[in-house]
Amino acid sequence: HYTKTFATLAVDTVPGTLLASDGTAYASGSDILIALDSHKAGANVPVIVVDRGVVLNRAGLIGTTTTAVANAIAAIKAAGLNRVSE
């Protein structure tokens with residue numbers, strides 16, 4: 001894991017929240033971060049995020065839609081840095 005400081009975090013996070021690198025909610029594509037701690041949306045917010053070598057519980061991934069979660073799982077598998085439980 002590592003800490004990513006978002007100039008603007010647009011959404012509240014809890015562990016498992018799917019984010020894009022600009023601090024918005026993840027929707028699709030390879031630009032994905034997974035929060036490991038809880039924060040309120042705001043400016044200059046440091047969030048601990050997943051780095052590599054993590055086995056992620058599929059049920060613990062939190063997206064804005066089921067499509068966003070499915071896209072995240074596909075992106076995580078394609079990147080090969082982490083694994084998603086079946």
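On a predicted model such as this, the values are computed, not experimentally measured, just so you know. All values below come from the heavy atoms of this structure, side chains included, with hydrogens, waters and symmetry mates left out.
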Open item on the list: Between Val50 and Leu81, is the side chain to side chain contact (heavy atoms under 4.5 Å, CB included) condition met? List the steps.
Closed with: CA-CA 10 Å; Val50 169; Leu81 299 175; over 6 Å; no
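The shortest side-chain heavy-atom distance between Val47 and Asp37 falls under the 4.5 Å cut-off. Put simply, the side chain of Phe6 reaches to within 4.5 Å of the side chain of Leu33, judged on heavy atoms. Side-chain contact between Leu18 and Ile34: present, with at least one pair of heavy atoms (C-beta onward) separated by less than 4.5 Å. Looking at Ile32 and Asn71, their side chains never come closer than 4.5 Å, going by heavy atoms from C-beta outward.
Between the Ser30 side chain and the Ala75 main chain, no donor and acceptor come within less than 3.5 Å of each other. Side chain of Asn82 to main chain of Val55: no donor-acceptor pair is present (N/O by atom type, distance under 3.5 Å, no hydrogens or angles). No side-chain donor-acceptor contact under 3.5 Å links Thr24 to the backbone of Ala10.
Cluster membership check: Leu19 does not share its hydrophobic cluster with Leu56, using side-chain heavy-atom separations under 4.5 Å among Ile, Leu, Val, Met, Phe, Trp and Tyr. Using a 4.5 Å cut-off between side-chain heavy atoms of Ile, Leu, Val, Met, Phe, Trp and Tyr, with links allowed through other members, Leu61 and Ile48 fall into the same hydrophobic cluster. When hydrophobic clusters are built by joining Ile, Leu, Val, Met, Phe, Trp and Tyr residues whose side-chain heavy atoms come closer than 4.5 Å, directly or via intermediates, Val49 is not grouped with Val14.
The structure places OH of Tyr2 at 10.5 Å from CG of Leu36, a figure rounded to the nearest 0.5 Å.
The side-chain contact (heavy atoms from CB on, under 4.5 Å) test applied to Thr66 returns no partner, not counting sequence neighbours.
Within 6.0 Å of the CZ atom in Arg83, the count of heavy atoms belonging to other residues, nucleotides or ligands does not exceed 12.
Note on residues 2-30: pairs passing salt bridge (charged side-chain N to carboxylate O under 4.0 Å, His left out), not counting sequence neighbours, are Asp12-Lys40.
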